[in-house]
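Structure first, then comments.
A quick note: this is a predicted structure, and the numbers were derived from the prediction, not measured.
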Amino acid sequence: MNTYIASVLDDLQDRYPHQPEFLQAAQEMLPSLEVVFERHPEYRDSALLERFVEPERAVLFRVPWVDDGGQVRVNRGYRVQFSSAIGPYKGGLRFHPSVTLGMLKFLALEQTLKNSLTGLPIGGAKGGADFNPRAKSDGEVMRFCQSFMTELVRHIGPRLDIPAGDIGVGAREIGFLFGQYKRLVARHEGAMTGKGMGYGGSQARTEATGYGLMYLVKTMLDNHSLSPEGMRAVISGSGNVAIYAAQKAAQMGVHVIAMSDSEGFILDGEGIDLSCIKNLKLTERARISEYPLRVGRGNFHPGANGIWQITCDLALPCATQNELDEAAATALIRNGVKAVAEGANMPATLAASRAFQDAGVLFMPGKAANAGGVAVSALEMAQNAGFTSWTFDKVDRELQAVMDRIYHRVAHTAARYGKAGDFILGANVAGFLQVADAMMAQGVV
Ligand code: NDP
């Protein structure tokens, strides 16, 4: 590895030993940039990498709220505003007990490159809280969201920072958060995306990440003389991304045979009944283990990780970070997987993604593959700013165009830098270059 990049990585390791996810993301990304720094010595002269890896701003705040029993509870809230080089900060909010500053820095770094890859003018951010919405009443979730927004409101706005949802922040939470934002600023403006259709949301935002993932997978397969039709797919997770990836996959003729939640996976050789999954996971907020009983076929297996032992052509990890390790990758490769695309953020460990690449499996990293969600969020911002609302078909067409553009940008960049087929390098370099050039143009800020 180039000594400059190695020294920046060493420095991060010394400074942030307690931020393992952030270090992992940096270790995945920075070595890809060696080729960039060879061609652009001027970047190094202005300490571009040292500046790039530090968030522009990170806020940490107390979120006090009162539960249904009248007891006062306290959580920690965060917003990491990583880069505004190419546009206002943009990135989701995650409510999950595992949320820490280090995890959000990793997600915000990923988001910065992802947003750049879309070609749309949006910077990178991420935020959230170590709050677990599971098993909380609607009233508790509302009071938490209102308290969270009462602080966050000072840091966001339609031209400053536009949060959206992520794990644990769906339609219900976005509604409560936006309601409190509007009450505090006394303006109905597009300071959040993922809003309901009746109050400024965009058509196809709900479907965007999963649909976008499959649009990109199809383009990738087409460009390698493969077709999704007839392929068997395994999709981890059963949340927003997984469900709409499964829906679009089925429309493309893919047989989705397995899905999971954090407790285990279901295998249904006849093809997953998605309406049952939607009812269980989106409406009833129940467990996937109930699937076999509801549809009268398929089996539930405890332990989510076992899903990767299933023979398939297409593997789409759509649940969470580091859910697919090297042993899982080895099993998938042994069983003949042809393509892997990350619907979640960094679901494959570094060793797993290398194993796929070494075995010649098509591997598309999340910052390219799951960019459809943020792309449609940017379209929601455009509709809000123009006081207009587009049809589902128009948004869907734009989404397909963005995903197509991302694939070609990633593939061409990899080839231009002498690493054809290395989509990890292509995504990192293409995403980074636009941010780097904007930073160079804007001086030392
Ligand atoms: P959701 O909260 O809607 O769903 C997450 C799903 O993953 C749930 O089914 C959850 O199960 C399951 N899960 C959690 N941990 C595991 C595990 N270890 N193994 C198997 N399943 C697990 O989140 P999203 O679908 O919105 O997000 C999923 C991923 O995609 C995240 O990494 C997110 O950052 C990323 N992403 C999301 C975007 C979006 O638009 N929503 C955009 C881009 C990326 P359970 O019900 O048991 O909790």
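- A side-chain donor-acceptor contact under 3.5 Å links N370 to the backbone of A344.
- Residues K126 and F106 are not in side-chain contact: their nearest non-hydrogen atoms beyond the backbone lie 4.5 Å or more apart.
- Between the side chains of N75 and W65, a donor-acceptor pair is found at a separation under 3.5 Å.
- Cation-pi check for K136 over F144 is not met; the charged atom does not lie both under 6.0 angstrom from the ring centroid and within 45 degrees of its normal.
- The closest side-chain donor-acceptor pair between Y291 and D261, if any, does not fall under 3.5 angstrom.
- Checked for salt-bridge contact, R143 and D68 meet the test: a charged N lies under 4.0 Å from a carboxylate O.
- Distance alone, capped at 3.5 Å, is enough to place a donor-acceptor pair between the D313 side chain and the R232 backbone.
- Listed for the S202 side chain is no donor-acceptor partner under 3.5 Å among the backbone atoms of R205.
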CA sep, side-chain torsions, deciding dist, call: Y407, F423, ring-ring contact (aromatic ring centres under 6.0 Å, His included): CA-CA 9 Å; Y407 173 77; F423 300 138; 5.7 Å; yes

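- Rounding to the nearest 0.5 Å places CD1 of I406 at 10.5 Å from OG1 of T219.
- Aromatic ring pairs are classed by plane angle as parallel below 30°, tilted from 30° to 60° and perpendicular above 60°; the pair Y199 and F178 is parallel.
- Between the side chains of Y211 and Q247, at least one donor N or O lies within less than 3.5 Å of an accepting N or O.
- The main-chain N or O of G306 is never found under 3.5 Å from a side-chain atom of Q309 such that the two would form a donor-acceptor pair.
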Verdict with supporting geometry, E290 and R294, salt bridge (Lys or Arg N to Asp or Glu O under 4.0 Å): CA-CA 6 Å; E290 291 182 32; R294 299 281 179 101; 2.8 Å; yes

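- The closest side-chain donor-acceptor pair between T112 and S83, if any, does not fall under 3.5 angstrom.
- The main-chain N or O of G271 is found under 3.5 Å from a side-chain atom of R297 such that the two form a donor-acceptor pair.
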Which donor-acceptor pairs under 3.5 Å do side chains of residues 181-188 form with protein atoms, sequence neighbours excluded?
residue: Y181; atom: OH; partner: E189; partner atom: OE2; Å: 2.5
residue: R183; atom: NH1; partner: Q180; partner atom: OE1; Å: 3.2
residue: R187; atom: NE; partner: E189; partner atom: OE1; Å: 2.8

Salt bridge (Lys or Arg N to Asp or Glu O under 4.0 Å) between K218 and D222, intermediate numbers included: CA-CA 6 Å; K218 181 166 183 327; D222 287 349; 3.0 Å; yes

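- Of all the heavy atoms in A245 and L213, the pair that sits closest is CB-CD2, 3.9 Å.
- The main-chain N or O of E323 is found under 3.5 Å from a side-chain atom of N305 such that the two form a donor-acceptor pair.
- For the pairing with N115, the side-chain contact (heavy atoms from CB on, under 4.5 Å) check across Q434, K367, K90 returns one residue only, K90.
- For the pairing with Y89, the side-chain hydrogen bond (donor to acceptor under 3.5 Å, both in side chains) check across R79, E56, H155, Q111 returns one residue only, E56.
- Taking the six-membered ring for Trp and thresholds of 30 and 60 degrees, F82 and F22 have ring planes inclined between 30 and 60 degrees apart.
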